[in-house]
Amino acid sequence: MKIALSVRVRLLALCLGLATIFACSSLVLGYLIERNQERQLAQQEQYRRFEIIETTTRALHRTRHAGGRVNSSVLRGDAEQERLARAALEQARQDMYVQLDQFAEFDPKGAKVIRAILDELPALTQRALDALLAGRMVEVDPALAELQRQLDTSEQILHVASQRQRQLAREFLEQERKRAAIALRIAAGIIIAGTIAGVILVLLVVRSIIRPLQATTVAIRRVNAGETAIDLPPVGPDEFGAMALALRQFRDHAEKLRMLAYQDPLTGLGNRAALEDSIQREIERSARDGSAARFALVYLDLDNFRAVNEKLGNKGGDRYLCEAATRIQRFCPINTQTYRYSGDKFIVLVDDLADVEDAQAELSAIADALLHGCSEPYPVGNHLLSMSLSIGIALYPEDGHTVEQLIGSAEAAVYAAKKGGRRNARFAAAQATGTARRQLALTTDIRRSLERREFDVYYQPIVDVARQCVVGGEALLRWRHPERGLLLPGEFIQVAEDAGLIAEISEHCLTVAHRQVCAWARRGLRFRVSVNLSARQAQDARILRLLDELIEEDPRAAQLMDFELTESVLFDSSEQTRSLLDAIRKRGYRLGLDDFGTGYASFSYVQRLPIDKIKIDRQFVAQATSSRQARAIISATLDLARNLELEVIAEGVETAEQMRVLQQEGCPLQQGFLYSRAIPAAEFERWAASFQLERIAS
Ligand code: C2E
Ligand code: CA
Ligand code: CA
């Protein structure tokens with residue numbers, strides 16, 4: 001069982017442990033110091049005793065010596081010397097008494113014997129002196145001998161005492177040495193054991209703190225690195241438990257953030273960041289596993305999404321995108337992953353592809369399924385919207401080695417697909433990538449050319465075959481490219497639209513055409529000129545301001561100009577577009593429906609919108625002489641126009657036969673290469689002046 005001790009308790013335990021070790025060491029040291037002091041005291045005592053014995057012995061010698069001097073002075077009859085000697089003897093004797101008091105402390109018996117001898121000493125000395133003075137020589141010697149014996153006894157006692165003390169000192173020293181050795185060993189043992197225990201305790205406590213800290217640090221690093229499936233330290237009541245809980249919350253939060261950072265909130269698909277990560281991982285995996293690991297990007301771009309968005313509004317556009325996302329996922333195999341790359345662009349990642357040929361076959365099948373599966377009409381309210389997409393496919397490693405290269409190749413392939421008529425799929429190839437690069441360069445080129453006024457307006461004549469005259473023309477843009485020569489709109493309109501530059505280019509065209517119409521009118525040439533209105537322009541009230549400026553310059557043109565709208569403009573028949581179209585019309589301009597018959601709702605627009613004329617699309621004109629169906633459509637269109645009192649123009653007339661058929665059907669206003677291509681204003685003027693229908697029809 002694991003006990004969750006709080007860090008505070010652990011540190012407290014550590015402090016307690018260290019304090020215990022410190023206390024033990026202190027006690028041992030104290031004991032050693034005390035022992036040392038005791039030994040020093042004992043030694044001092046010994047020295048004192050030696051000193052006492054020594055001093056006593058010296059006093060005894062002085063006594064003996066003084067006694068001798070007394071004897072010799074008495075023998076010589078020197079009274080003075082005798083007196084001095086006796087005084088010295090007495091002094092020595094008194095000194096001995098004093099010393100004996102101290103000596104008695106450690107040798108009371110010896111002291112007692114010596115004290116008795118000292119007490120007797122004067123009497124003995126006197127007896128010997130008396131015998132000497134009385135000439136009793138027989139008594140002298142035994143008396144002196146007795147005296148000497150007594151003194152010798154004393155000396156002997158002192159000597160024995162000294163020997164004993166020496167013996168005691170030796171024994172004490174020996175004992176002390178042994179004791180000190182044992183004490184030292186015990187102390188060393190205690191200190192070493194204490195230190196070892198302390199170190200172990202410290203290590204354990206430090207480890208118990210460092211380990212969870214390290215585990216937490218590692219976990220934080222891994223969470224930061226984006227790993228989510230990691231073992232987190234257990235949550236518990238101690239500080240680490242609390243840290244683990246905080247870490248868990250951090251991980252959950254990071255996971256949520258990652259989800260947000262990697263998920264497209266609208267469709268729930270992975271977003272661009274997620275896609276780029278996945279591609280990077282695939283590249284790394286392929287590098288690890290070898291060339292067999294091939295994968296592909298299937299880049300899907302919704303056709304006409306801008307128009308859809310404009311028609312349905314933001315919310316509706318969002319729903320449309322979600323539907324597209326659902327369809328894409330539905331028609332993709334399970335081993336694929338779909339991402340929303342941006343706006344209306346999706347990328348499907350297909351991995352585990354084998355060799356190039358099989359891969360291309362598999363991818364073609366996927367693209368086909370997507371093109372067909374996604375193209376079912378999308379219901380909005382009580383009508384249907386078409387949904388279609390263009391597909392570009394890039395293969396790793398053939399079409400790029402990095403994330404950017406691969407996406408770039410796929411993008412280039414989509415461009416190629418769109419150029420090839422939308423609702424189309426293309427594999428990326430070096431040449432396609434080159435095209436894309438050109439497209440990109442074009443965007444920058446367009447901006448520059450707008451500044452340098454390299455865009456020209458040409459006019460394609462519109463003739464009235466019944467009245468055999470030129471009624472006007474359609475203003476068409478031409479780009480005098482400094483390197484590539486004269487470019488037709490097909491080469492730049494789509495790019496300009498994608499780059500958001502179409503409005504500016506179109507406004508330029510409108511301004512030039514406006515001024516041209518006025519210039520002609522001033523000179524009595526009343527040509528009607530139609531200008532194409534892009535979907536973007538029809539959204540923006542900016543065009544009204546421009547028109548007002550132009551009308552202020554010269555008000556005549558309004559009555560002489562038409563705007564041609566395509567279905568993509570009318571797609572969004574919102575209140576805003578409607579009122580904008582009304583406002584344009586109120587200023588005197590007329591509105592025409594371009595490419596009539598190509599969209600599925602042409603007829604319904606004609607009824608609902610303020611339209612003055614329609615332009616039969618050139619695809620019907622081209623088939624007017626060969627297809628009964630086309631002819632029927634033309635005929636029906638003309639009927640409708642007559643009923644609604646609309647003017648009709650047929651565009652794309654290339655042959656005299658087409659001209660006649662159209663005329664028979666009742667469509668005298670015609671435009672096409674049969675008459676003229678779009679030409680500069682001056683040339684248009686000359687062409688119109690010399691126009692003769694017979695010359696053309698023959
Ligand atoms: P659109 O409005 O349908 O213009 C008619 C296109 O048909 C012109 O191509 C014209 O040259 C071409 N065309 C005329 N007669 C014939 C013919 O007998 N046979 C064939 N095969 N084609 C014929 P262009 O000038 O290349 O313009 C292409 C498109 O570019 C235009 O189609 C129009 O949608 C767009 N565009 C041109 N100028 C402008 C502009 O100033 N603003 C906007 N928004 N779009 C423009
Ligand atoms: Ca047109
Ligand atoms: Ca047209």
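Each residue takes its place number in the sequence, starting with 1. In listed order, ligands and their atoms are each counted from 1.
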State plainly whether the residues [X] and [Y] are in salt-bridge range, i.e. N to O under 4.0 Å.
X	Y	value
R478	D456	no
D264	R340	yes
K315	D318	no
E507	R542	yes

Under 4.0 Å from any heavy atom of [X], which atoms of ligand 1 are there?
X	value
G672	15 (N), 18 (O)
D595	3 (O)
E654	17 (C), 18 (O), 19 (N), 20 (C), 21 (N)
V653	18 (O)
C509	41 (O)

>> I need the protein N, O or S atoms closer than 3.0 Å to the Ca ion (ligand 3), given as residue plus atom name.
In response: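 Near the Ca ion (ligand 3), below 3.0 Å, one finds D594 OD1, D595 OD1, E651 OE1, E651 OE2.
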>> As a test of the contact definition, would atom 41 (O) of ligand 1 count as having a protein heavy-atom neighbour under 4.0 Å?
In response: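 Yes; the ligand atom in question has protein heavy-atom contact below 4.0 Å.
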>> Is atom 38 (N) of ligand 1 near the protein, in the sense that some protein heavy atom lies at less than 4.0 Å from it?
In response: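 Yes; the ligand atom in question has protein heavy-atom contact below 4.0 Å.
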> Could you walk me through whether E474 and Q671 pass the side-chain hydrogen bond (donor to acceptor under 3.5 Å, both in side chains) check?
Replying inline: CA-CA 9 Å; E474 177 177 0; Q671 170 188 357; 2.8 Å; yes
Sub-3.5 Å N/O-N/O distance, [X] and ligand 1:
X	answer
A475	no
Q537	no
L674	no
Q460	yes

> Are any non-hydrogen side-chain atoms of M659 and L693 less than 4.5 angstrom apart?
Replying inline: yes
> Any side-chain heavy-atom pair from I543 and L580 closer than 4.5 angstrom?
Replying inline: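 Yes. Closest side-chain heavy atoms under 4.5 Å.
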>> Can you tell me which portion of R618 lies within the under-4.0 Å heavy-atom range of ligand 1? Options are side chain, backbone, both, or neither.
In response: side chain
>> With a heavy-atom distance limit of 4.0 Å, tell me whether V457 approaches ligand 1 through its side chain, its backbone, both, or neither.
In response: neither
> Between F684 and Y458, is a ring pair (Phe, Tyr, Trp, His ring centres under 6.0 Å) present by the stated rule, with each step listed?
Replying inline: CA-CA 8 Å; F684 179 92; Y458 278 34; over 10 Å; no
Determine whether the side chains of [X] and [Y] contain a donor N or O and an acceptor N or O closer than 3.5 Å.
X	Y	answer
E564	S530	yes
T566	D595	no
Q670	D464	no

Tell me, which protein residue and heavy-atom name are nearest [atom], and how many Å apart are they?
atom	result
atom 13 (N) of ligand 1	F673 CE2, 3.7 Å
atom 30 (O) of ligand 1	P489 CB, 3.2 Å
atom 45 (N) of ligand 1	N532 CB, 3.6 Å
atom 44 (N) of ligand 1	S506 OG, 3.2 Å
atom 8 (C) of ligand 1	L476 CD1, 3.7 Å

> Looking at the rings of Y320 and Y378, which for Trp means the six-membered one, are their centres under 6.0 Å apart?
Replying inline: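 Yes: the rings meet the under 6.0 Å criterion.
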Reported [atom1]-to-[atom2] distance for the pair [X] and [Y], which is rounded to 0.5 angstrom:
X	Y	atom1	atom2	result
L662	C667	CG	SG	5.5 Å
I391	Y299	CD1	OH	12.5 Å
W520	L525	CH2	CG	8.0 Å

> Does F673 have R677 sitting over its ring (NZ/CZ under 6.0 Å from centre, angle to axis within 45°)?
Replying inline: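 Yes, a cation-pi geometry holds between R677 and F673.
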> Does ligand 1 have any atom that is closer than 4.0 Å to a heavy atom of E651?
Replying inline: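 A heavy atom of E651 does come that close to ligand 1.
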> Looking at ligand 1, does A678 have a heavy atom less than 4.0 Å from it?
Replying inline: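 In this structure, A678 fails to qualify as a contact of ligand 1 - no heavy atom is under 4.0 Å.
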> Nearest non-hydrogen atom to atom 1 (P) of ligand 1 belongs to which of Q494, Q670, E474, R478?
Replying inline: E474
> Hey, which N, O or S atom on E474 ends up closest to the Ca ion (ligand 2)?
Replying inline: OE2
> With T511, which residues qualify under side chain to side chain contact (heavy atoms under 4.5 Å, CB included), at least two apart?
Replying inline: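 Checked T511 against side chain to side chain contact (heavy atoms under 4.5 Å, CB included); matches are R515, L546, L550.
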